[in-house]
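Chain letters run A, B, ... following the sequence lines, proteins first, then strands; residues in each count from 1. Just so you know, these numbers use all the heavy atoms, side chains as well, and skip hydrogens, waters and symmetry mates.
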Amino acid sequence: MGSVQTTSSDIPMIELQRLNKWYGEFHVLRDIDLTVRKGERIVICGPSGSGKSTMIRCINHLEEHQAGDVIVNGITMTRDVKRVEQIRRHVGMVFQHFNLFPHLSVLDNCCLSPVWVKKTPRKKAVDTAMMYLERVKIADQAHKYPGQLSGGQQQRVAIARSLCMHPDVMLFDEPTSALDPEMIKEVLDVMIELAEEGMTMLCVTHEMGFARTVADRVIFMDEGQIIEENDPETFFNHPRSPRTRAFLGQILGH
Amino acid sequence: MATSFFRESLISPRKPPVSRQGLRGWLHENLFSGPVNSLVTLLVGALAIYALVPVIEWALIKAQWVGDSRADCSGDGACWVYIETRLGSLIYGFYPEAQRWRVDIVFVLFVVLGIWLMVPAVPGKKVAALVGLLVFPVVAFFLLSGGFGLEHVPTRRWGGLMLTLVIASVGIVGSLPLGIVLALGRRSSMPLVRGVCVVFIEFWRGVPLITVLFMASVMFPLFVPEDFNIDKLLRALVGIMLFWSAYMAEVVRSGLQAIPSGQGEAGAALGLGYWQRMGLVVLPQALKLVIPGIVNTFIALFKDTTLVLIIGLFDFLALIKAGTSDSSWLGFAIEGFVFAALVYWIFCFGMSRYSQFIERRLYRGH
């Protein structure tokens with residue numbers, strides 16, 4: 001895999017400012033400060049339970065934070081439903097377990113939100129959906145149901161479904177962790193292509209090859225805080241924190 | 001020691017052994033797979049013949065089918081003449097004979113609408129649903145009760161199968177949406193909404209239907225001013241609807257709980273609002289999952305319409321029962337109740353089969 005050219009600008013797309021979250025007494029996110037510029041690709045890694053998923057789920061309010069600010073595209077997140085839905089329209093998300101709607105065909109999965117949220121005419125929504133399905137190389141399955149597809153195919157549909165809303169940012173929450181080994185590449189290829197087109201991306205993943213190729217910055221989290229943050233070259237070759245070194249040793253050292 | 005193996009040519013598929021195919025294979029597999037199973041097969045077969053032959057003989061072979069009075073019933077078998085002579089009152093109750101064509105029209109509309117809604121090959125389901133939910137009830141109400149130049153027929157003259165179907169349809173059509181709303185409310189994150197729904201469900205589920213009917217017919221009038229008069233049938237209908245909506249709510253809730261939270265989250269991440277997430281993503285899956293439970297409740301509701309007998313409404317079963325004390329037809333209770341059982345069974349079995357058909361149709365390979 002060759003390196004992907006950086007296209008990021010100085011416009012902040014996502015700002016997390018002293019973000020804090022608790023599950024009951026458990027302090028799951030501690031003073032998170034992070035700015036993601038438009039066009040930037042960030043990879044977040046860390047041991048399980050370190051708060052990486054929780055952090056990106058705060059960006060589209062699937063999790064609620066108790067202190068600090070989440071600012072997406074200049075809009076500050078509040079509990080106001082209208083505000084939340086407005087932000088979500090600009091933030092696409094891909095889940096570990098795909099979360100396709102099993103009762104709808106692949107095409108209808110992609111058209112649902114454009115038609116109901118953006119009030120796009122059905123015909124136009126279908127055209128857009130087919131275009132993105134074409135791009136993730138699955139247009140020939142458009143009339144099948146998710147249950148008839150392989151995991152890799154389902155995840156590619158999930159990416160297309162998000163893209164149909166024309167998001168400004170894409171969040172990936174361990175997109176390849178539930179896949180059989182032979183299907184990981186087809187999903188990563190789609191993600192790399194997306195990165196090449198300049199999409200702003202935050203990826204929680206343990207695919208370090210992907211991080212080296214695509215990321216502008218790699219972030220290592222542990223115990224609810226950001227431990228280390230660097231460009232991939234420095235991050236992988238000269239990790240500073242012993243925790244980072246131990247983690248990299250565990251996932252790369254076999 | 002490691003074994004080394006290498007296959008040079010692949011094995012092509014072959015047919016299964018003859019003894020496992022066709023009728024012989026089926027018999028062997030399912031009925032006579034061993035000495036104990038063979039014995040059980042023979043025993044159950046003998047028992048079935050022993051029990052069924054006399055019933056078939058009584059109900060069909062030796063039965064009296066034609067005639068018009070008791071004198072025609074002389075054989076050993078069932079006398080269906082009894083049912084035939086009473087068929088009018090069994091279907092229409094005390095509805096005036098000259099006006100029964102109005103009920104017939106409602107029956108025909110009901111059947112046509114049913115076919116339109118339930119047979120997948122017939123197009124225009126949205127129109128059918130609108131007609132069925134908005135137009136049909138109004139038309140049926142005025143046809144049955146009168147108005148617009150039609151003679152008024154008070155609900156105390158309604159009865160028989162017609163009344164049973166009115167109660168069952170209103171109960172079914174009313175309790176399902178109400179149950180869905182209650183189920184969503186019980187899972188709401190708003191404590192007040194949740195509390196109201198929990199209290200409602202637990203109250204109605206905690207009292208017997210008979211109590212509800214008594215309250216509706218006897219107690220309710222005591223608590224309201226004398227000139228404030230609501231039709232007795234209407235009170236019973238509301239009671240039945242609320243009672244069954246509580247059951248329905250719990251059936252629907254069990255379906256909602258089976259849908260992974262990721263479904264709602266994916267909808268939320270795509271910008272769908274609460275009602276869109278519920279209506280487009282979660283409920284279609286949850287309701288499909290609990291079709292057996294919903295139809296189970298429908299069937300229970302249908303059969304429990306017979307309880308309206310105790311508040312003086314004469315449904316189908318009440319008229320069957322009234323017929324057994326007819327002095328000119330004493331001694332034909334068995335025919336009456338067998339016929340009643342058959343009619344209820346046909347409706348319930350129909351619902352059961354249709355629900356299985358829908359389940360297969362909605363199967364999406366997951």
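Taking a 6.0 Å sphere around NZ of B:K125, one finds it holds more than 12 heavy atoms contributed by other residues, nucleotides or ligands. Annotation for B:F357: atom CZ counts as buried by contact number, over 12 foreign heavy atoms lying within 6.0 Å. The number of heavy atoms from other shown groups lying within 6.0 Å of NZ (B:K15) does not exceed 12. By the neighbour-count criterion of 12 heavy atoms within 6.0 Å, atom CG of B:L192 is sparsely surrounded, having that number or fewer from other residues, nucleotides or ligands.
Between A:R88 and B:G271, the shortest heavy-atom distance links the atoms CB-CA, 4.1 Å. Of all non-hydrogen atoms in A:H103 and B:R364, the two that sit nearest each other are O-NE, 3.8 Å.
Contacts between B:Q263 and chain A at a heavy-atom distance below 4.5 Å involve backbone atoms as well as side-chain atoms. For A:R161, the parts lying under 4.5 angstrom from a heavy atom of chain B are both the backbone and the side chain. Contacts of A:F101 with chain B are made by both backbone and side-chain atoms, with heavy-atom separations under 4.5 Å. Only the backbone of A:L100 comes within contact range of chain B, with at least one heavy atom under 4.5 Å from a heavy atom of that chain.
Side-chain atoms of A:N60 do not come within 3.5 Å of backbone N or O of B:A269 as any donor-acceptor pair.
Taking CG from A:L112 and CZ from B:R277, the interatomic distance works out to 12.0 Å, rounded to the nearest 0.5 Å. To the nearest 0.5 Å, atom CG of residue B:L270 and atom CH2 of residue A:W116 are 14.5 Å apart.
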